[in-house]
Amino acid sequence: MSKTKRMPAFTFFALSLLAACLAAGQVFAKVDLVTLPARDKVQLTIYNSADLTLARDTRSLTLRKGRNRLQFSWANTLIDPTSLEMLPLSESRGILVRSLEYPPRVTGLGIWNLDSQVQGKVPFEITYFTSGISWRAYYLATLASDESTMRLEGYVRVNNNSGEDYENAETRLIVGKINLLDRIAELARRQEPYGRPGAVSPGVLPQPAYAAKYRMEEAAVGAKAAMEAPKEIRKEGLSEYFLYTIEGTEDVPDGWGKRLVSFAADTVPVRNLYRYEEEKYGQSSVRFLLFANDKEHRLGKEPIPDGLVKVFRRVDKEGRLSYVGAQDIKYVPKGEEVNLNLGSSDQVLVKPVLMEFTTDNYEWRDTHVITGWDEHRTVRVEVANYRDIPAKVEIRRNFPGNAWTLSNKGDYGAYEKVDADTVQYVIELPAHARKAFTYKLDLRTGSRAHR
Amino acid sequence: MKRWPIVPCAAVFAAALLASPAVEARTKLAALPEREANLVRLDNPSATLVEEERVLTLQEGENLVDFSWRGVRVDPDSIRIALLSHPDKANLLSVSYPPNEAALTWRIHSNGAWEERVRISYLLADIDRLVTYKALATRDEKALDLDAFLVLRNFSGEDFEAATVSLDQGDPFAGKIAHEETRQLHFLSFKGVPIRKVFTWDSGKIPWEPKRLDRNVGIPVCYVIRNDKASSMGMSGLWEGKTRVFQDDGHGTTIFLGEDRVGKTPVGEEMKIYIGDSRDISVTQLKKRDLRINPRPSASRVVLYDTDEAITARLENFKDQAVTVDLVEHIPGEWDMEKTDLAYEKTDANTIVFHVMLPAKGKVELEFAYHRRNIRN
């Protein structure tokens, strides 16, 4: 993949005090340029719940005593101009950042006004939000052939489509759901940084062409990732979120992606569970893989971010694989159980059959208006396991209304009333086994329900 | 955009000229009186008041002063003029508006020939201010520093070269702001404001059985601060505005926690900032019993009935810290609580709140049962 080296779209320079040149909008010619400091350091904190990255640049600026005007330009990037902040990293007592001007009729440009009692080089930190950099987690799970354990590998994938190259960036990832009022990409495209007074929808510039220009080619990333030694990812909780810090720094050029190993765990014990609930899954059973994000499952060091899990199964001694399926998992806190839905299965059958239906105890008024009655249903449930390994089956039945009683007969396993209108049966089936049970439901309807 | 600055022109007239209502009567003078002071008052969010002072040269007798504002959205009915130098010896006789022009003419009578300082005030559209806040919470989330920024947006058509900008809080400040310019100024700073962190699970807003959903269900987390002296605040009310919250990450840098639009916060009141959702606390609520009881006048002829309802809430904390979750429950109509594991706070006739203490890595199961009364069939 070749890519022409571009000048950074993001430039920063100090203007001398010639306020005169600022009077006319388009005269921001870079004539009074004093210094063009390169970025010394950059830190990216990338969010996965929103298209948002907190970028933190460190640059050394040369200040003069008195009033300084510092111009910052971000044309052709996806920076939110309302998020720009500049703070001195040293000499903060002698430097006062007074205001940030967004000059008229120019987009992608801001001028900081600051008063300085110091002369010379001062490190500054500039922070801002940008969109176009994203990360996501994904997982590869490999089941042992007896399906009692699996190897779970977690990856993170970072993509930069921000229009800006980030070299030697300290890269951090945030797991968590932040509250965001506006989309950063929209703020970045506004004609005026804060919109206009009274405007219902602020003016938005046309979408830059580069947003769709780059598409990561998986082969290129794979090759690059394979050449690098895996980096450590440090993980820590902050407020309601989790912060992943990738060891060292990364080059994240515009248009590129990165894949990093987040964790790998061997022989994670898993349980297979088949669920049957007509109202939720229809008339076939659904296979779940159960494990927990805890020490007993060789996990639990950190939450597992939401992402796609691709599940494979080892089929022979040579380690050949068979693809079982893929499913998005939700965020899993430390200590929480994971229910990985692998889709409907024809390997475990659950078949409820209505065997008998009667009604009685009718109530009426005015000689012909029926106000209530009782219903009695007898349902036989057959359960079969066609697999070579044992299966555990969880069957849920939901009953209409709220006035009912139930009696069970046969091999109904563990029975539980879950809530006012739901019951659950859990049945353990050995390999190639069948079981059956019967329940009788007595339901009071209409005026019969008032008891 | 073609702009036309607001220009008042003073003209001296012979009586003959006054007889004709023609526009040429308002001869523009070459020497325009300069604005000497300009105050932009931004205390009302719905309109901006501009007060400018100029010095007019008045002749004895009648004077016509022309004021025009082409390209600028001035509310013509709001324009006022005050004579400051000789308020007892000069007075405003009339105001007339010429046809099809953004202009007016003041007819001023003066007892002498002198320089008169006047204050012209008017409401100007398309210029306003926003307030934004930046909060930086400590690593332990016990306190935050709050900075307020004023954002001036001038799209009024008028350039303000040296204006005094006045707000209803903070000191007025001098500045210039050009047409179509936006300017962000730091104007208030509060240090070490104590935070109360609140987790709220509302049974009317959040799914009851999150485990049965394919998506994540988070519990909203808010920071609550109080605008009072005890919180190193309380000097004045705070305006509404977008608030972005950051947190010290313990490595010399920060992370962004989330943003919210906070409402106006008078002195003594609380500001609530919704930062994001916690996914490390799970609440599962089930209705364990839902029966109709006490049918009246009879079971076969029901006009009124009561209910017997029981609810179980299971709260689980996966965090390493203890938290308090506000569990908000809604019970419609009239009701009596029959049994509850935990005391609750009644916030209105149909809303109760349980403040549930959840230990680190702990679980709490809460049951309550109530009868709703006199439900019409």
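To find a chain, count down the sequence lines: A is the first, B the second, and so on, and within it residues start at 1. Below, each value reflects all heavy atoms present in this structure, side chains not excepted, and no hydrogens, waters or symmetry copies. Every value quoted in this text rests on a predicted model; they were computed, and no experiment measured them.
- The contact between B:I275 and chain A is made by backbone and side chain atoms together, counting heavy-atom distances below 4.5 Å.
- Between B:R244 and A:E85 the shortest side-chain heavy-atom distance does not fall below 4.5 Å.
- There is no contact between A:R275 and chain B, counting heavy-atom distances below 4.5 Å.
- Residues A:E240 and B:K197 are paired through a salt bridge, judged by an N-O separation under 4.0 Å between the basic side chain and the carboxylate.
- A:L238 touches chain B through backbone and side chain together, each having a heavy atom under 4.5 Å away.
- Of the residues considered (A:G176, A:S49, A:S99), A:S99 shows the highest number of contacts with chain B, using heavy-atom pairs under 4.5 Å.
- Using a 4.5 Å heavy-atom cut-off against chain A, the contacting residues of residues 144-151 of chain B are B:F149, B:V151.
- For a residue to count as touching a neighbouring chain, one of its non-hydrogen atoms must lie under 4.5 Å from one of that chain's; by this rule B:I127 touches chain A with the backbone only.
- Considering only heavy atoms from C-beta on, A:L96 stays 4.5 Å or farther from B:H186 through its side chain.
- Contacts of A:L181 with chain B are made by both backbone and side-chain atoms, with heavy-atom separations under 4.5 Å.
- Looking at A:Y241, only its side chain comes within 4.5 Å of chain B, counting heavy atoms on both sides.
- The aromatic rings of A:F129 and B:F256 lie tilted to each other, with the angle between the two planes from 30° to 60°.
- Both the backbone and the side chain of A:V418 come within contact range of chain B, each with at least one heavy atom under 4.5 Å from a heavy atom of that chain.
- Residues satisfying the side-chain contact (heavy atoms from CB on, under 4.5 Å) criterion with B:D277, sequence neighbours excluded, are A:K177, B:P220, B:Y274.
- Looking at A:E337, there are no atoms closer than 4.5 Å to chain B (heavy atoms on both sides), in backbone or side chain.
- If you check the side chains of A:Q43 and B:T253, you find a donor sitting under 3.5 Å from an acceptor.
- For chain B, the nearby part of A:D306 is the side chain; its heavy atoms alone come within less than 4.5 Å.
- At a 4.5 Å heavy-atom cutoff, the contact between B:R289 and chain A is made by backbone atoms alone.
- Between chain B and the options A:T245, A:L54, A:D421, A:T371, the largest number of non-hydrogen pairs under 4.5 Å is found for A:L54.
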